[in-house]
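Accompanying notes for the structure given below.
Positions are given from 1, in the same order as the sequence printed here. These values consider heavy atoms only, across backbone and side chains, with no hydrogens, waters or symmetry-generated copies.
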Amino acid sequence: MISPSQCRAARGLLNWTQADLAKAAGVGVVTVRQFEGESGTPRSATLVVIAQALEAAGLEFIPENGGGAGIRFRERKVATE
């Protein structure tokens, strides 16, 4: 599942405010603020829509697999002729 630090980093990559993410995910800005500030644990459905909004914007989450969790732009497919 997405972590608060991944969420902050993803917004940074996209140059999105918390309000931008809230709008894209269909959640309240307070929800994003509390999640990123680690002052509350949102429902899993809320985390899903936040992650989906970031993925729809072109990002992918890197799982915790010994090297640390992260976020990056999804590999762009180059059209071949």
Side-chain angles (χ1 to χ4, degrees):
M1 194 53 57
I2 181 175
S3 71
S5 59
Q6 282 178 304
C7 190
R8 290 188 301 270
R11 283 192 313 99
L13 285 172
L14 295 170
N15 198 29
W16 279 8
T17 64
Q18 289 178 335
D20 294 331
L21 175 55
K23 182 176 179 181
V27 299
V29 69
V30 171
T31 300
V32 174
R33 186 177 306 123
Q34 287 176 338
F35 173 57
E36 288 186 353
E38 301 182 44
S39 61
T41 304
R43 294 180 302 187
S44 58
T46 301
L47 296 178
V48 167
V49 295
I50 289 173
Q52 287 174 340
L54 295 168
E55 289 169 342
L59 299 178
E60 70 178 348
F61 293 94
I62 303 166
E64 176 68 52
N65 58 3
I71 186 82
R72 64 181 171 203
F73 284 105
R74 201 173 22 255
E75 183 177 348
R76 293 185 173 100
K77 296 184 182 185
V78 179
T80 57
E81 295 181 47

On a heavy-atom basis, which atom in [X] and which in [Y] lie closest, and how many Å separate them?
X: Ser3; Y: Phe35; answer: C-CZ, 3.6 Å
X: Phe61; Y: Gln6; answer: CD2-NE2, 3.7 Å
X: Phe73; Y: Leu59; answer: CD2-CD2, 3.5 Å
X: Pro42; Y: Leu47; answer: CG-CD2, 3.7 Å
X: Ala69; Y: Glu64; answer: N-OE1, 3.3 Å
X: Leu21; Y: Glu36; answer: CD2-OE2, 4.4 Å

Nearest 0.5 Å, please: how far is [atom2] in [Y] from [atom1] in [X]?
X: Arg11; Y: Ile71; atom1: CZ; atom2: CD1; result: 12.5 Å
X: Glu38; Y: Ser5; atom1: CD; atom2: OG; result: 7.0 Å
X: Gln34; Y: Thr46; atom1: CD; atom2: OG1; result: 11.0 Å

Are any of the side-chain heavy atoms of Ile2 and Leu54 separated by less than 4.5 Å?
-> yes
Out of curiosity, does Val29 fall in the hydrophobic cluster containing Leu14 (side-chain heavy atoms, cut-off under 4.5 Å, transitive links)?
-> no
Treating Ile, Leu, Val, Met, Phe, Trp and Tyr as nodes and any side-chain heavy-atom pair under 4.5 angstrom as an edge, say whether Val30 and Val32 lie in one connected cluster.
-> no
Backbone N or O of Glu60 within a donor-acceptor pair of the Glu55 side chain at under 3.5 Å?
-> no
Is Arg72 reaching over with its side chain to a backbone N or O of Ile62, donor-acceptor style, under 3.5 angstrom?
-> no
Within 6.0 angstrom of Asn15 CG, more than 12 heavy atoms from elsewhere = no
